Amino acid sequence: MSFDRVRVRIAPSPTGDPHVGTAYVALFNYVFARKHGGDFIIRIEDTDQTRYRGSSEDMILRSLKWLGLSWDEGPDVGGAYGPYRQSERREIHAKYAMQLVESGHAYRCFCTPARLEVMRQEQKAAGKTTGYDRHCRGLSQTETAAHLTAGDTFVVRLKMPTEGKTVFQDYVRGAIEIDNGRIDDQVLLKSDGYPTYHLANVVDDHLMKISHVMRAEEWITSTPKHVLLYQAFGWEVPTFCHLPLLRNPDRSKISKRKNPTSLRYYERSGILPHTLLNFLGLMGWSFGDNVEIFSVAEMIERFDPKHIHLGGPIFDQSKLNWLNNQYLQKSTDDEFVSYIRDQMFSPEILKLLKPLVCERIDRMEQFVDKNAFFFNGALTYDQATLVPKEKTVADVISVAGALADVLDDVYDWDGEHLKAALDTHREAIGWKPKDYFMTLRLILTGRKDSPPLIESIVVIGREVTRFRLRSLPQLLK
RNA sequence: GUCCCCAUCGUCUAGCCUGGCCCAGGACACUGCCCUUUCACGGCAGCGACGGGGGUUCAAAUCCCCCUGGGGACGCCA
């Protein structure tokens with residue numbers, strides 16, 4: 001291999017909560033980099049303007065710092081190969097895309113999203129695999145020029161070979177091959193001028209001298225596209241290593257609807273950062289010698305991606321709890337004090353709580369009992385009081401589920417947006433305000449005498465709110 | 001549906017590459033007992049798996065093939 005240095009990266013997309021899957025991939029990359037004295041890099045892949053959330057990048061970096069995974073280059077610390085935010089690299093990506101157009105490896109496509117949608121529908125109806133029909137691939141220079149002068153928007157697509165097969169070596173899986181005929185003419189540059197993941201990823205990995213691409217298994221199918229892209233550019237292909245996907249208890253790809261996925265949830269619920277790292281290290285990998293409890297430093301000593309078990313591990317909360325308990329028991333007095341003080345009763349949380357709780361307590365002694373729900377995860381419910389007259393348990397469960405969906409779409413977790421979302425949802429389902437808000441109050445705070453609902457939800461946070469809403473069906477069974 | 005990946009206790013896994021030491025080891029969960037004024041911790045014990053079928057071999061959890069099952073991908077999302 002001619003990469004003279006191990007350089008790995010994680011490429012999170014700032015579209016929401018910091019994800020436990022990001023931490024998982026980050027851990028393995030981090031450990032691999034440290035093991036080989038290489039570099040661990042964070043690159044923010046914010047090329048999707050429709051899903052971009054401003055606060056997300058900060059939260060992701062914050063959560064990774066909380067975990068103690070430090071990076072050598074990234075959007076906040078810079079580095080020799082920056083910028084590390086793809087939105088700031090648009091000109092670079094556009095330049096390389098046009099370079100491929102000129103070299104004949106790519107072409108402009110003027111098909112509208114509407115046309116593509118119709119095409120896909122037809123393909124689906126005919127029972128075929130969906131894929132671009134290469135309508136614009138054969139466009140003549142004059143036809144292209146006509147579109148251009150007409151001001152038609154276009155995307156740039158990679159011209160995939162129609163014959164032969166593309167093979168790449170996965171570091172843990174061995175050779176993986178796919179017939180070129182089934183690889184789509186991938187969009188490289190979107191009509192808004194932003195690159196797609198495929199282009200940006202390959203270009204940036206090359207420019208940043210990434211030697212090993214360790215990412216989740218879901219990328220296997222598109223890896224041949226990436227390989228073909230490297231070849232079109234004439235660049236050396238890095239080593240690919242696809243990690244297994246974390247799973248929900250039902251074995252589907254881990255998702256926030258079925259399992260808490262936010263790192264902030266684990267932080268808020270009092271899982272220690274080194275517990276989570278240790279636990280993640282147990283997913284698909286084992287230390288050996290029947291040792292289950294180990295530090296990241298110890299993991300670095302033993303780690304070898306070759307020994308990754310490829311079955312997708314279920315992210316099971318009960319073993320995580322056991323592990324955390326082990327660490328809690330082992331902690332020193334000072335450590336324990338700082339865990340509780342910094343992670344549970346942090347000044348940030350207490351300051352948020354102050355305006356909500358102050359007028360409702362006289363002696364401070366009442367604080368803990370009256371406000372336990374701000375710190376708890378799951379609550380217990382009394383069905384009789386939870387369900388309004390004229391409503392059933394099933395009604396409440398369905399409202400909770402629907403509301404969880406609604407709140408997943410609320411990107412700005414503040415009073416204003418939450419109020420709007422709740423009002424809209426309440427009207428949509430036609431519940432009386434009194435029933436709706438009291439039921440919600442009981443579900444989310446567990447008591448009737450809690451501080452104002454919306455403000456409370458803001459503090460409880462997105463993760464715990466979702467958790468209470470989503471876990472309600474089990475609790476009412 | 002098509003393609004790709006995967007397959008050991010309910011769960012996380014060891015063993016598989018380099019077949020015999022495996023009638024499969026550890027951990028979580030669960031059950032029982034012990035410790036204990038309670039709960040928890042801790043200790044001990046128990047329950048519990050090589051998906052199925054063909055090969056190869058003196059010998060297969062380990063190698064090969066098929067089936068089945070699970071997952072992923074099929075976007076101007078990453």
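In what follows, every chain begins at residue 1, and chains take the letters A, B, ... in the order their sequences are listed. Since we're looking at a predicted model, the values are computed, not measured.
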Query raised in the report: So, is A:Arg251 near the phosphate of B:G10, with a side-chain N or O under 4.0 Å from OP1 or OP2?
Result: no

Query raised in the report: Checking all strands, does A:Val155 fall into the base, sugar-phosphate, or nothing category for heavy-atom contacts under 4.0 angstrom?
Result: base

Query - OP1 or OP2 of B:A78 under 4.0 Å from side-chain N/O of A:Lys190 - result: yes

**Report entry** base_contact_polar (B:C76 base, A:Ser191 side chain, donor-acceptor, <3.5 Å)
**Finding:** yes

**Report entry** Whole-Å distance separating the CZ atom of A:Phe315 from the P atom of B:G71
**Finding:** 19 Å

Report task. Start with the C-alpha gap between A:Trp285 and A:Phe32, add the side-chain angles, then the distance that decides, and say whether ring-ring contact (aromatic ring centres under 6.0 Å, His included) holds. Result -> CA-CA 13 Å; A:Trp285 187 77; A:Phe32 186 71; over 10 Å; no

Query raised in the report: If you measure from the P atom in B:C66 to the same atom in B:A29, how many Å do you get, rounded?
Result: 41 Å

Requested in this report: Would you mind reading off the distance between A:Asp48 atom CG and B:C77 atom P, rounded to a whole angstrom?
Outcome: 5 Å

Query raised in the report: Can you check the A:Leu246 CG to B:C12 C1' distance for me, whole Å?
Result: 11 Å

Requested in this report: Please determine, for B:A59, whether a Watson-Crick or G-U wobble partner exists with both distances under 3.5 Å, and give it or none.
Outcome: none

Query - Short side-chain N/O contact to B:A73 OP1/OP2 from A:Lys225, under 4.0 Å - result: no

Query raised in the report: Who is the Watson-Crick or G-U wobble partner of B:C23, with both distances under 3.5 Å?
Result: none

Report task. Would you indicate which nucleotide in B:A14, B:C41, B:C5 comes nearest to any side-chain atom of A:His309? Result -> B:A14

Query raised in the report: Just one of A:Pro83, A:Ser13, A:Pro12 clears the side chain to side chain contact (heavy atoms under 4.5 Å, CB included) bar with A:Ile44, so which one?
Result: A:Pro12

**Report entry** Residue pair A:Asp17 / A:Thr261, side-chain donor-acceptor N/O under 3.5 Å
**Finding:** no

Query raised in the report: Counting any heavy atom closer than 4.0 Å, what does A:Thr47 reach on the DNA or RNA strands: base, sugar-phosphate only, or nothing?
Result: sugar-phosphate

Query raised in the report: Base, sugar-phosphate, or nothing: which does A:Cys109 touch, judged by heavy atoms less than 4.0 Å apart?
Result: nothing

Query raised in the report: Does a side-chain N or O from A:Thr196 land closer than 4.0 Å to OP1 or OP2 of B:C76, or not?
Result: no

Report task. Between B:C65 and B:A24, how far apart are the P atoms? Round to whole Å, please. Result -> 28 Å

Query raised in the report: Looking only at side-chain N and O atoms, does A:His242 come under 4.0 Å of OP1 or OP2 in B:C4?
Result: no

**Report entry** Distance between P atoms of B:G55 and B:G26 (Å, rounded)
**Finding:** 34 Å

Query - Same-atom distance (P) from B:G32 to B:G71, integer angstrom - result: 34 Å

Requested in this report: Please give the nucleotide sitting opposite B:G42 as a Watson-Crick or G-U wobble pair, both distances under 3.5 Å, or none.
Outcome: B:C34

Report task. Determine the contact category for A:Pro313: base if any of its heavy atoms lies under 4.0 Å from a base atom, sugar-phosphate if only primed atoms, P, OP1 or OP2 are that close, otherwise nothing. Result -> sugar-phosphate

Query raised in the report: Expressed in angstrom and rounded to an integer, what is the separation of A:Asp316 atom CG from B:G10 atom P?
Result: 14 Å

Requested in this report: Starting from the 5' end of RNA chain B, give me the residue, A:Lys319 or A:Ile308, whose nearest nucleotide shows up first.
Outcome: A:Ile308

Query raised in the report: According to a strict under-4.0 Å criterion, is A:Thr130 in side-chain N/O contact with OP1 or OP2 of B:G75?
Result: yes

Report task. Mind checking A:Glu292 for me? I need base, sugar-phosphate or nothing, with any heavy atom below 4.0 Å counting as a touch. Result -> base

Query raised in the report: Under 3.5 Å, is there a donor-acceptor pair between the A:Arg173 and A:His242 side chains?
Result: no

Requested in this report: Please determine, for B:C9, whether a Watson-Crick or G-U wobble partner exists with both distances under 3.5 Å, and give it or none.
Outcome: none

Query - Atom C1', compared across B:G15 and B:U8: separation rounded to whole Å - result: 9 Å

Query raised in the report: Checking all strands, does A:Thr129 fall into the base, sugar-phosphate, or nothing category for heavy-atom contacts under 4.0 angstrom?
Result: base

Query - A:Arg120 CZ - B:A73 P separation (whole Å) - result: 15 Å

Requested in this report: Taking all heavy atoms of A:Leu246 and all of A:Val20, pick out the closest pair and write down the distance.
Outcome: CD2-O, 4.3 Å

**Report entry** For B:C74, the Watson-Crick or wobble partner whose two distances fall under 3.5 Å
**Finding:** B:G1

**Report entry** Rounded interatomic separation in angstrom, taking CG from A:Leu310 and C1' from B:G71
**Finding:** 13 Å

Requested in this report: Inspect the contact between A:Asp48 and A:Arg51 and indicate whether a charged nitrogen and a carboxylate oxygen are less than 4.0 angstrom apart.
Outcome: yes

Query raised in the report: Is A:Lys306 positioned over the aromatic face of A:Tyr171, cation under 6.0 angstrom from the ring centre and no more than 45 degrees off axis?
Result: yes

Query raised in the report: Between A:Arg247 and B:G71, is there a side-chain N or O to OP1/OP2 distance below 4.0 Å?
Result: no

Query - NZ/NE/NH1/NH2 to OD/OE distance under 4.0 Å, A:Asp408 and A:Arg470 - result: yes

**Report entry** Spacing between A:Leu243 atom CG and B:C5 atom P, to the nearest angstrom
**Finding:** 17 Å

Requested in this report: Name the residue closer to the 5' end of RNA chain B, choosing between A:Asp184 and A:Glu177 according to the nucleotide with the nearest heavy atom.
Outcome: A:Glu177

Query - Out of B:G26, B:G72, B:A29, whichever nucleotide has its closest atom nearest the side chain of A:Trp322 - result: B:A29

**Report entry** Residue-phosphate contact under 4.0 Å: A:Gln326 side-chain N/O, B:G42 OP1/OP2
**Finding:** yes

Report summary line: note: A:Leu320, atom CG; B:C12, atom C1'; distance rounded to Å ~ 12 Å

Requested in this report: Check whether the side chains of A:Gln317 and A:Tyr266 place a donor and an acceptor atom closer than 3.5 Å, and report yes or no.
Outcome: yes

Query raised in the report: What nucleic acid atoms does A:Arg51 come within less than 4.0 Å of, heavy atoms only: base, sugar-phosphate, or nothing?
Result: base

Report task. Quote, to the nearest angstrom, the P distance that separates B:U11 from B:G70. Result -> 14 Å

Query raised in the report: Roughly how far apart, to the nearest Å, are B:G25 and B:A14 at atom C1'?
Result: 6 Å

**Report entry** Spacing of the P atoms in B:G51 and B:A61 (rounded, Å)
**Finding:** 11 Å

